[in-house]
Each structure stands twice: as structure tokens, then as C-alpha cells.
Amino acid sequence: MEPYLAVAIGLVVAAAVYLMTDRHMVRMLFGVALLGTAVNLVVFVSGDVLQGLPPLIASDAAAPDGEVANALPQALVLTAIVIGFGLFSFALALVFKTAQRFGTADIDQLGAAEPMKTDGPANGSRPTDGAEQERAA
Amino acid sequence: MMAAPTLSPRWIDGWVLASIAVALAGFVVGLSWIPGVAAGVFPTVSWSWVGGLGVEFAFRIDGLSLLFVLLITGIGVFVLAYAAAYAEKPGKRRRLCLLLFAFMLAMLGLVTADDLITLFVFWEATTVISYLLIGFDHEKASARRSALQGLLVTGAGGLAMLAGLVLLGAEAGTFRLSELPAALADTDLSDLTLSLILILLGCFTKSAQFPFHFWLPNAMAAPTPVSAYLHSATMVKAGIYLLARVHPIYAEHELWFPVLTVFGAVTAVWASIQSLRQTDLKLMLAHTTVMALGTLTMFLGSSSPVAVAAASTFILVHALYKSTLFLMVGVIDKRTGTRDRRLLSGLRAALPLTAVAAFTGAFSMAGFPPFLGFIGKELKYEGALAIAEEPGMVIVAAVAANAMMVAVALVVSVRTFLGRPSDTDAGVAPPNLMVMVPLLLGLCGLIFGLAPSLIGQTIVVPAATSILGIPAEIKLALWHGVNVPLILSVVTVLLGIGVYFALDRLTAVMDRIGARFPISGDRIYDVVLKATLDGAGRMTTAIQGGRLTVYTGLSFAVVGLVLYVGALGDDPAVWSAIRLESLMPWEIASLALMAVGAALAIAARRRLTALCGLAAVGVGTTLVFLMHGAVDVAVTQFMVEALIVVFVAAVIPKIPPFESVRRTAPQRWLRGTLAAFVGLGATLALLRLAPPVDRTVTSFYEQASVPEAFGRNVVNVILVDFRALDTLGEVAVVVVAALGAFALLRGRRVSRRPE
């Protein structure tokens with residue numbers, strides 16, 4: 001595929017990963033948006049991007065004339081952009097509401113539903129009762 | 001004072017009687033097979049199970065299987081009857097008997113299975129049921145621990161064994177045990193090394209060979225009938241059975257003889273030393289069981305017919321005397337309330353019939369004539385002399401272990417029943433049935449000793465023949481004339497008597513030495529178990545600690561690895577040609593917009609700057625769409641980007657700034673590395689993405705657009721006509737998101753409204 005697009009998508013993915021692992025909710029959200037953009041581009045370019053003509057049909061023809069861009073990934077990406085926008089807007093409302101309600105944008109501060117485990121005694125360990133066993137072996 | 005006899009009339013329970021009846025019927029059927037099996041006619045039955053893999057539900061009775069069938073059902077009848085009398089409460093009695101019965105069925109399946117996978121299924125069934133039996137007194141922490149220990153040790157060995165069995169079956173091309181030796185006749189034995197080691201792991205854990213011996217004495221937490229059954233005739237003999245079963249396959253392997261001989265000898269000597277140190281009679285017997293298993297392993301290491309015959313005889317001998325002794329100790333326990341050998345003496349007056357049982361069992365164990373044990377021991381010595389490679393080591397081990405057996409036998413018989421009566425009278429009178437069972441078993445040992453022809457040609461010789469694969473020539477007899485084994489026997493008895501009289505001094509010395517070596521299998525088991533559980537706990541805390549950034553980071557790391565697997569796959573690289581010189585200006589522009597935008601988004605200290613970066617990436621993407629013929633997509637992308645900027649700019653002043661969340665430098669470096677890793681992976685994977693693209697579906701839309709949908713923009717036609725329902729769903733998603741956001745934002749105002 002086009003090397004310049006591969007490089008561009010790689011850069012966007014890297015930025016998305018960096019932002020999504022941030023603790024600030026807005027930056028995380030930006031990461032989600034960037035990742036969505038990168039994925040849309042991947043879907044789009046996987047449909048072969050060498051042809052530059054849009055998939056339109058002339059008024060006197062029954063089918064596109066000559067080589068035109070692949071219409072199918074375009075339709076898929078169009079849907080994905082709109083859905084991604086819906087997701088982003090709703091998530092933005094959630095982030096906004098959460099920040100208002102708790103006064104912080106740090107997701108590590110939002111642990112009421114799933115309290116963070118600390119380095120205490122491990123979960124599964126239980127006291128061994130080997131001492132009361134009769135001396136054996 | 002002694003309470004009245006406690007055999008409740010209600011011991012006659014339908015379930016208990018039925019299980020005894022079935023065991024008895026199994027024994028009779030087993031007896032009826034004897035003539036046929038001795039003549040070489042082996043009953044076989046099989047059903048197809050996993051046909052595609054060649055796995056069958058197959059059973060076959062040969063001499064070795066028959067020996068075990070008779071032991072399992074015969075001793076099973078006695079143990080079930082004893083258990084019925086042993087358990088006092090009807091509920092416990094039924095549970096005990098039914099579990100024992102289930103165990104008996106699993107063992108029968110194990111020793112008659114003719115298919116490797118069938119065998120493994122029954123093998124695991126014995127492991128699981130033994131867990132329930134060892135932990136029968138589940139109110140006690142020690143019983144639960146012992147049960148779990150047995151389960152983990154034998155279960156782990158069982159898993160190793162499964163791998164070994166599958167390797168073996170794959171190598172041979174058949175899973176039928178009876179066909180394996182012929183199928184592997186031409187195979188280079190060194191190809192079977194791995195399967196041998198794995199199968200030996202299964203056998204050694206099941207049969208408590210050093211260094212896995214520790215679980216067996218701990219399993220004495222079980223009620224007496226369970227110990228008697230599992231540790232005389234069944235469970236622990238399963239490993240020995242499998243060793244005997246694979247003997248024809250592996251006997252010529254260079255590892256077989258040294259491994260079995262050395263581990264068997266070490267186990268036998270170590271366990272007999274340990275047994276002398278015990279003060280609990282039951283634990284003493286448990287260690288002698290380990291010793292017996294070691295001896296059996298040692299003899300199965302050899303291919304000498306006499307050694308193999310000695311092993312098959314000893315399987316029978318040991319099962320008889322060990323069940324007698326275990327059950328006898330159960331009677332003592334019930335009557336006196338203790339099993340401590342230091343407290344017990346002179347019980348002959350209180351328990352006269354049990355005394356007879358104890359002496360018959362103990363003398364058989366010690367190998368005194370005319371008991372069956374004497375024949376077994378003579379054969380063992382003869383077998384040891386016949387092992388050509390290492391006769392010295394095997395004989396020394398056998399004599400040393402047997403001498404200590406003599407001492408143990410004298411402890412459980414002479415010291416316990418003769419002498420001055422002890423004032424241990426805390427228990428209740430045992431039911432008559434409990435007394436009779438060990439007596440009958442002990443008398444069997446005497447009868448077979450006096451008339452060895454009863455078991456010789458009928459049971460022992462066919463079993464040895466099965467192991468060897470060629471007809472075995474053995475003659476069981478009490479008197480073979482004065483020969484080397486007889487001389488060794490005399491030496492053994494003298495040594496044993498010496499050890500018996502020096503016992504207290506010896507144990508004191510051994511305790512002092514033992515105290516200097518705090519390492520035992522039991523301790524190692526504790527450490528390993530604790531480390532495993534702690535490690536699992538720490539692992540969970542580390543990767544599932546409730547920290548979202550860690551979850552996200554780990555997910556991305558895995559995705560990154562997958563990308564590299566795709567990018568650096570082993571098919572010849574089809575890298576796209578990199579054409580820097582011919583880059584178009586708009587290509588450079590979109591690349592630059594996206595690069596600068598991404599950099600701004602991650603590096604910006606202010607929220608609005610980061611938003612500008614986000615928008616720049618969006619515009620760069622729009623440019624790509626536009627220049628590659630996707631006008632509609634470009635327009636949509638641009639409008640969405642604009643809306644996002646507006647929305648974010650509207651709410652961002654009300655959200656705490658980026659500086660409100662502190663990030664340390666190491667965290668940033670870690671995230672940066674991860675981001676570079678995943679991003680580079682994406683680029684490499686995409687460079688491998690090469691045309692041609694299948695345009696079948698696209699061509700259909702292009703051809704059908706005008707005639708069927710009367711539209712000239714193919715993308716629009718796909719969206720609103722051919723895939724209209726999809727678009728309706730998409731619209732619904734946006735509406736739901738808008739409604740949700742509206743409800744969220746409106747809710748805030750409601751809560752702020754003054755009352």
C-alpha cells in the first residue's frame with residue numbers, strides 16, 4: 001500500500017496509544033478519537049487507493065467509465081465515521097458529567113465501583129495448616 | 001469401662017448390601033475367567049468413542065488385569081463389609097461405602113482398559129474419588145490438606161502421563177494397549193524417551209516413589225477402611241500396574257532399568273527407615289506400603305523372568321497382608337482409642353481374634369514360613385540374584401528393607417499384643433464384623449502360603465506372562481532346598497530381630513539425624529503450593545489491579561505483538577515500493593498535517609492546543625479521502641471534525657486542566673515506548689498489505705446502481721438503497737447517543753435547581 005499512508009497511520013496509532021494510556025479523561029477520549037480515525041483510514045486504504053476518480057456515473061452511461069475508486073470501503077468508512085462521532089459525543093458528555101460530579105478528570109480517582117487492589121496478601125493464599133500435621137517423611 | 005457392642009442393626013443398608021453384592025459378583029466373574037486367561041484366551045470388548053482419533057472405549061482381560069481384578073473385587077468385598085461395621089452413623093456409612101464402591105469401579109476400569117485414553121479417564125477418576133475418600137472427615141483441616149495434597153501430586157503426575165500416553169499413541173499409530181508392543185516393534189526406542197519420562201512421572205506420583213512419596217503417609221488422615229483399600233490393593237498400585245503394563249514396550253529402553261532400579265531402591269530403603277521412626281501404627285504401615293511400592297518398582301525395572309515373577313507375586317502378597325494389618329489397626333484404634341505404639345501392649349486378652357489376625361499379617365509381612373509372605377520374599381531374593389546388571393545393589397536394598405520390615409512386623413504383633421496389658425481402654429468394643437474381616441484376610445495369607453498352587457499357575461504365572469510377553473516359568477513353593485535366597489532370608493530375620501531390640505536407641509539416633517535435615521517433600525510441597533498461590537495472587541493484582549491505564553496498556557501490548565507477527569511473517573516479504581522522490585504535494589501536506597496534529601495532541605500542555613492537534617489530524621484525513629476519490633467521505637469527515645471541535649471547546653473549560661493529573665517521567669517513557677512499538681507495528685503491517693483487491697462486490701454495485709436504484713453516485717446508492725437498513729441503524733445509534741447525552745447534561749441542571 002502507499003508507504004506515506006502507512007507512515008501517517010502509524011503515527012496516528014502511536015499518538016492514540018499514548019493518549020489512551022493517559023489518566024486524564026479528556027486525553028483518553030482524544031486517543032479514542034484518533035484511534036477511530038486511524039482505523040477508518042486502514043479500512044479505506046485496504047480497498048486499493050491508486051485510482052483517484054470518485055465512483056460516479058456519467059449521465060449518459062449505465063456504469064462508471066473506466067477505473068474509479070472502490071465504492072464499497074467508502075460506504076463502510078462513511079458509516080463508521082458517523083458512528084464514531086456518536087460514540088465520541090456521548091463519551092464527551094459522560095466525561096463532562098463525571099468531571100462536574102467528582103471534581104476531577106483523573107480516572108484513577110474514580111475507583112468507587114471497583115476499588116483498586118493494593119499489594120497486600122495475595123488473593124488465593126490461605127494459612128497452611130502444615131504445623132498441625134503429624135511429623136511425616 | 002467398656003461400652004456395649006455397638007454394631008447397630010441398621011448397618012443392613014440396601015445401598016451397602018448392594019455394593020457388597022456387586023463386588024462379590026465381580027469377584028466370582030473374575031474367578032470364572034481364570035481358566036480361560038491361563039490358557040491365553042483374553043475376553044475383549046470395545047466401542048468406538050472418538051473414531052476420528054482412533055480412540056476406543058476398549059477393555060481386555062489378560063493375566064495382569066485379572067490379577068488386579070481379583071485383588072480389587074476380593075479385597076473390596078472385605079473392605080466394604082468392614083466399612084459398613086466401622087462407620088457408626090448410617091449417613092456416614094452409606095457415604096463411605098458408596099465412595100469406596102465408586103472407587104472400586106474406577107480401579108476396575110483402570111486395570112481392564114485396553115485403550116490409552118480410556119485408561120487415563122479411569123486413572124483420573126481414581127484420583128478424584130481418592131480425594132473424596134482421603135478427605136472423608138472433611139471437618140478436619142488436616143484431612144482436607146492431605147486430600148488436596150494427594151489430588152495435586154497425583155493429578156499433576158496424571159497430566160504429565162496424559163501427554164506421555166498421547167505421544168506414545170501417536171508414535172505407535174494406535175491407542176490399543178494390546179497392539180502397542182507389536183506396533184512399536186520396529187521403532188527406535190530413543191524416539192520414545194519423552195513419553196517414557198512423562199509416563200514414569202505419572203506412575204511415580206501415583207505410586208508414591210521418592211521424591212513424591214510424601215503424600216501417601218499424609219493420606220492416612222483417611223478412615224481406616226479407606227487406607228486399607230487405597231494403600232494395599234488399589235490406588236497406589238495403579239502406578240505399579242501401569243509400569244507393568246508398559247514393561248513390554250519400554251523394558252529395552254536404556255533409561256528403564258537404571259531409573260526404576262535406583263528410584264525403587266531409594267524409595268524402599270528410605271521408606272523402611274522412616275517407618276521405624278513412626279510412633280503411630282498406621283503411619284508405620286503407611287511407610288511400609290511406600291517401601292513395598294519401591295520394591296515393586298525396583299523389580300519391574302528388570303526384564304529377568306524371575307524378577308518380574310517376584311513382582312507379580314509380591315503384588316498379591318502385599319495386598320493381602322497389608323489390608324489385614326491396616327484393618328487390624330482399625331480394630332485396635334476402636335477398642336483402645338489410640339494407635340500410639342508406645343502406649344499399646346498386651347492386647348491379646350482384650351482382642352484375642354485380632355491378635356491372631358495381627359500375627360498372621362505381620363508374619364506374612366516379615367516373611368516367616370509358612371505364610372505367603374515367605375514365598376514372596378524367597379522369590380524376591382531369587383529375582384534380585386537374577387538381575388544381572390546390578391545384583392549387589394538390589395540385594396542389599398532388598399535385604400535392608402526386608403530386615404526393617406521384620407522389625408516393623410514384630411512391633412505391630414509382638415510388642416502390641418504380648419507383654420504386660422496396657423491400661424488403654426478408652427474406646428468401645430469393636431463390632432464382630434470388624435474383627436472377623438482382618439482375621440479372614442490374614443488366614444488367606446496362611447492358606448495360600450501352605451497351598452501356593454492355589455494361586456501359582458492360576459493367577460501369578462498368567463500375570464507374569466502378560467508382563468513379559470513370553471510364557472513365564474515359575475514355581476511357587478515353600479521349600480526350595482537350602483539355597484542362596486534361604487540363607488539371605490535367615491540373615492534378614494536375624495537382622496530384623498536385632499533392629500527390633502535396638503529400636504528405641506535407633507529411633508533416638510534417627511530423630512537426632514532427622515532434626516538436622518529439615519528439608520522434606522512435605523515442606524517443599526508447602527513452599528511450592530504457597531509460592532504458586534502467592535504468585536497467582538500477585539499476577540492478578542498486577543494485571544487486574546483495577547487500574548484502567550494498565551488494562552489499556554496491556555491490551556495494546558498484545559495487539560502490538562500480533563501486528564509484528566503479521567508484519568514479520570515467514571512468507572516472502574512483499575514490501576510496497578517506497579517512492580520518496582515522487583511524493584505529490586498534497587500527499588506531503590496530508591502526511592505533515594497528521595504528523596504535526598498527532599504530535600500536538602500528545603505534547604500539548606493546554607487543552608485547546610491538544611484539540612487543535614486532533615482537528616489537524618482530522619483535516620489531514622479529510623485530505624486523504626478527498627484526493628483518493630472519496631468526496632462524500634471527505635465531506636462527512638470534515639463536518640464531523642468541525643462538530644467535535646465545537647463540542648469539545650464548549651465543555652472543556654468546565655473540565656480540570658491537564659496539569660491536574662500528575663504523570664511521572666518513567667510512566668511517560670513507558671507509554672511512549674509502548675506507543676512507538678504499536679505505531680511502528682501498524683506501519684510495518686500496513687506496508688505488507690498488498691493489492692490486488694477483490695472487487696466482485698464493488699462491481700455488482702457499480703453495475704446495478706443505475707438500472708436498479710436510479711442513482712449515479714455509487715457510494716450514496718450503497719448507503720441509502722442497497723444497505724438502507726444499515727444506515728437506518730446508524731441513524732438510530734446517533735439518535736440514541738444524542739438522547740443519552742441530552743439526558744446526562746439536562747440531569748445536571750435538574751440537580752442544581754434550588755428547592
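Residue numbers begin at 1 in each chain, while the letters A, B, ... track the order of the sequences. Being a predicted model, the structure only gives us computed values, none of them experimental.
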**Fill in**
Bottom line for B/Ala604: the part with an atom under 4.5 Å from chain A's heavy atoms is backbone

**Asked** Side chain, backbone, both or neither: which part of B/Ser590 has a heavy atom under 4.5 Å from chain A?
**Response** side chain

**Prompt:** Does any N or O in the side chain of A/Gln74 come within less than 3.5 Å of the main-chain N or O of B/Val633, such that one atom is a donor and the other an acceptor?
**Reply:** no

**Request:** Might you point out which heavy atoms bring A/Ile57 and B/Glu702 nearest each other, and give the distance in Å?
**Result:** CD1-O, 4.1 Å

**Item:** Which atoms of B/Ile602 approach chain A - backbone, side chain, both or neither, heavy atom under 4.5 Å
**Value:** both

**Asked** B/Arg712 side chain to A/Ser59 main-chain N or O, any donor-acceptor pair under 3.5 Å?
**Response** yes

**Item:** Under 3.5 Å donor-acceptor, B/Thr683 side chain and A/Ala6 backbone
**Value:** yes

**Asked** Any donor-acceptor pair under 3.5 Å linking the side chain of A/His24 with the backbone of B/Ser660?
**Response** no

**Asked** Taking only residues two or more places apart in sequence, or in another chain, which ones meet B/Phe677 in a ring pair (Phe, Tyr, Trp, His ring centres under 6.0 Å)?
**Response** B/Tyr564

**Request:** Name the region of B/Phe556, side chain, backbone, both or neither, that has any atom closer than 4.5 Å to a heavy atom of chain A.
**Result:** side chain

**Fill in**
When the 4.5 angstrom heavy-atom criterion is applied to B/Arg662 and chain A, the contacting part is backbone

**Request:** Tell me, for B/Tyr701 versus chain A, whether the close heavy atoms (under 4.5 Å) come from the side chain, the backbone, both or neither.
**Result:** side chain

